[in-house]
Amino acid sequence: MIKYERFELENGLKVIYHEDKSTPIACINILYNVGARDENPEQTGFAHLFEHLMFGGSVNIPNYDEPLQRVGGENNAYTTNDITNYYLTLPSENLETGFWLESDRMLSLAFSDKSLEVQRSVVIEEFKQRYLNQPYGDVWLLMRPMIYKVHPYQWDTIGKEISHIENAQMQDVKNFFSKFYCPNNAIMVVAGNVKLDEVKKLSEKWFAPIPKGPDNKRNLPAEPVQTEARSLTVERDVPADAIYKAYHMCSRFDKEYYATDLISDILSRGNSSRMHNALIKDKKLFSDLHAYVMGDFDKGLFVVSGKLSKGVTMEQAEQGIDAELEKMKTQLVSKEELQKVKNKMEASHVFGEIEVLNKAANLAVSELLGDANMVNMEVEKYLGVTAEQIKEQANIIFRKENCSTLYYKAKI
């Protein structure tokens, strides 16, 4: 059970406080309610570009990292299709340094031509290295436009193409910042060996003067139900053939999510999972194989992906996957097997709550999903899933017409 207090500043910044006396550190996690899905389709990659720009210095602090490192702190950030999350840890006695740094870049990021050019180059290089020049790196650049025809999940966080970042103008960047990087579009979690009074005082001192931004009401187009199987075959200079099958599923908000997530665990979590036993160990069709849910905030994806063993055809590999998915649709999971995956889930959840950083991030996401207390109800929701619910979701999801498949072939 994660205990927390919640309050809100007049400018709309939501603040969540969690005390953890077992650690000498404090963590500040600021989640901005903006991700790649909020971008203009002609200007993609902006949310990710901003993740980099936010470390390029603010008006009063030219180098974000230097003062933080001086007090023994460290920081990082990540962008998804749904959110952008910034976090730092530092000794709790230096908490105010973190407030000073985070508030200054929320209030007044430094928009210099030099910073934009530096970060633009970094992102373009990342696009080339991680997505274009790495084996299997372009999988999601190929998959997303095949799976999504209307919803902005059709592009990856890095963006649709390099030219969108190359052509980003300073005014476009400033507009994106003023729209999304404002207190009423953010959730701040302060966790660790800190006191509530201090957190309230520092929040008022450093964040209350920041003006409220626009009210961002999302009106994203819903993806139509997929009515035909889709596929794409490509050849690349990679070591082994691979297959990627993506099925539309519910969102992270929906009650069906928990049963769907457990299906992925039954299929491929650990060496005793179904797919590992049947398709890697016994039939030797794959060298590695994974089933996972994307956990998207809008309706998301259930993905099965694997690299084929030498000499195995795409047809054999796909038949192997289909056979395992068919079993999920036709047979009830045994009590023992269901209990086993629930135990694993519960253990990893408890283990994950040891880290103050994890607790802070989970509180922020839960608050964004509607209620910070969701973080305390997650395990219960998983434990309540029945074998019948699992079978029901398998039948809803694993339909041929609901699937998009990428056949990723190695050049001979």
Distance check, rounded to the nearest 0.5 Å: I354 atom CD1 versus T23 atom OG1? 12.0 Å

Walk me through it: do R144 and D156 pass the test salt bridge (Lys or Arg N to Asp or Glu O under 4.0 Å)? CA-CA 7 Å; R144 285 187 176 277; D156 214 47; 3.0 Å; yes

Side-chain contact test, heavy atoms from C-beta onward, threshold under 4.5 Å: evaluate it for L332 versus I390 and give yes or no. no

For H248 and Q226, run side chain to side chain donor-acceptor pair (under 3.5 Å): C-alpha distance rounded to whole Å, both residues' side-chain angles, the deciding distance at 0.1 Å, then the answer. CA-CA 8 Å; H248 291 278; Q226 187 172 325; 2.9 Å; yes

Given side chains that start at C-beta, do those of S103 and M106 come closer than 4.5 Å, heavy atoms only? no

Does I266 offer a backbone N or O that forms a donor-acceptor pair with the side chain of R274 under 3.5 Å? no

Might you point out which heavy atoms bring L9 and V15 nearest each other, and give the distance in Å? CG-CG2, 4.5 Å

Ring pair (Phe, Tyr, Trp, His ring centres under 6.0 Å) contacts in which one or both residues fall within residues 3-29, not counting sequence neighbours: none

Locate the shortest heavy-atom distance separating V150 from P221; write the atom from each residue and the value. CG1-CB, 3.2 Å

Mutual orientation of the aromatic rings belonging to Y86 and F55 [parallel < 30°, tilted 30-60°, perpendicular > 60°]: tilted

For Y382 and D261, test the side chains for any donor-to-acceptor distance below 3.5 angstrom and give the result as yes or no. yes

Point-to-point distance, once rounded to the nearest 0.5 Å, from CG of D215 to NZ of K179: 11.5 Å

Please work out whether the ring planes of F50 and F177 are parallel, tilted or perpendicular, with thresholds of 30° and 60°. parallel

Verify side chain to side chain donor-acceptor pair (under 3.5 Å) between Q393 and Y257, making sure each step is shown before the conclusion. CA-CA 9 Å; Q393 283 311 302; Y257 176 82; over 6 Å; no

Tell me if the NZ atom of K200 is crowded by more than 12 foreign heavy atoms within 6.0 Å. no

Run the salt-bridge test on D20 and K359 with the 4.0 Å N-O cut-off and return the result as yes or no. yes

Side chains of V173 and Q119: closer than 4.5 Å at any heavy-atom pair? no

Is it the case that the ring center of Y78 lies less than 6.0 angstrom away from the ring center of H48? no

So, Y153 versus H151, ring centres under 6.0 angstrom or not? yes

What's the spacing between E367 CD and M188 CE if we round to 0.5 Å? 13.0 Å

Counting neighbours of NZ on K201 that are heavy atoms of other residues, nucleotides or ligands and sit closer than 6.0 Å, is the number greater than 12? no

C182 and Y32 have their tightest heavy-atom pair at N-CE2, 4.2 Å

N358: what forms a side chain to side chain donor-acceptor pair (under 3.5 Å) with it, not counting sequence neighbours? none

With no hydrogens and no angle check, do the side chains of W206 and E102 hold a donor and an acceptor under 3.5 Å apart? no

Could you check whether any side-chain heavy atom of Y247 comes within less than 4.5 Å of a side-chain heavy atom of L325, counting everything from C-beta outward? yes

For the pair E161 (side chain) and G159 (backbone), establish whether a donor and an acceptor sit closer than 3.5 Å, ignoring hydrogens and angles. no

Identify all side-chain donor-acceptor contacts of residues 374-381 below 3.5 Å with residues at least two apart in sequence or on another chain.
from : atom 1 : to   : atom 2 : distance (Å)
N376 : OD1    : I2   : N      : 2.7
N376 : ND2    : I2   : O      : 3.0
N376 : ND2    : N373 : OD1    : 2.9
E378 : OE1    : Y258 : OH     : 2.6
E378 : OE2    : R252 : NH2    : 2.5

Carboxylate-amine/guanidinium contact K400 E228, below 4.0 Å: no

Interatomic distance, CG@L109 vs CZ@R105, rounded to 0.5 Å, equals 8.0 Å

How about S251 and F297: do any of their side-chain heavy atoms sit closer than 4.5 Å? no

I'd like to know if the side chain of S115 and the backbone of S112 have a donor-acceptor N/O pair within less than 3.5 Å. no

Check whether any side-chain heavy atom of I243 lies under 4.5 Å from a side-chain heavy atom of L406, and answer yes or no. no

Step by step, would you call K344 with R269 a side chain to side chain contact (heavy atoms under 4.5 Å, CB included)? CA-CA 9 Å; K344 281 186 178 177; R269 184 171 187 170; 4.2 Å; yes

Hey, is E125 close enough to K128 for a salt bridge, meaning N to O under 4.0 Å? no

Other residues, nucleotides and ligands only: do more than 12 of their heavy atoms fall within 6.0 Å of CD on E117? yes

Residues T97, N94; criterion side chain to side chain donor-acceptor pair (under 3.5 Å); working and verdict: CA-CA 6 Å; T97 300; N94 298 325; 5.3 Å; no

Under-4.0 Å salt bridge between K340 and E337: no

What distance do Y407 atom OH and S231 atom OG have between them, rounded to the nearest 0.5 Å? 5.5 Å

Is any side-chain heavy atom of T79 closer than 4.5 Å to one of N85? no

Strictly by salt bridge (charged side-chain N to carboxylate O under 4.0 Å, His left out), give each pair with a member in residues 23-47 just once, sequence neighbours left out. R37-D82, R37-D298, D38-R218

With sequence neighbours excluded, what pairs up with E51 under the salt bridge (charged side-chain N to carboxylate O under 4.0 Å, His left out) test? none

Does E223 pair with K299 as a salt bridge, N-O distance under 4.0 Å? no

Using side-chain heavy atoms (C-beta onward) and a distance below 4.5 Å, is N193 in contact with I25? no

Can you confirm whether more than 12 heavy atoms, excluding those of E74, are under 6.0 Å from its CD atom? no

Salt bridge (Lys or Arg N to Asp or Glu O under 4.0 Å), that's the test. Do R6 and E8 meet it? Break it down for me. CA-CA 7 Å; R6 183 189 178 283; E8 193 169 319; 3.7 Å; yes

When you look at K245 and S404, which way does the side chain to side chain donor-acceptor pair (under 3.5 Å) test go after all the steps? CA-CA 6 Å; K245 296 178 76 68; S404 299; over 6 Å; no

K409 atom NZ: more than 12 heavy-atom contacts under 6.0 Å: no

For the residue pair N184 / N11, report whether a side-chain donor-acceptor contact shorter than 3.5 Å exists. no

Whether E346 and K342 form a salt bridge (side-chain N of Lys/Arg under 4.0 Å from carboxylate O of Asp/Glu) is what I want to check. no

In Å and rounded to the nearest 0.5 Å, what is the CG to CG distance from N60 to D104? 4.0 Å

Do you know which two heavy atoms are closest between S268 and A291, and how far apart they sit? OG-N, 2.8 Å

Kindly write out the residues that satisfy ring pair (Phe, Tyr, Trp, His ring centres under 6.0 Å) with Y244, not counting sequence neighbours, or none if the list is empty. none

So Y181 and F176, would you call those rings parallel, tilted or perpendicular, with 30° and 60° as cut-offs? tilted

Plane angle bin for Y408 and Y136 - parallel if under 30°, tilted between 30 and 60°, otherwise perpendicular: tilted

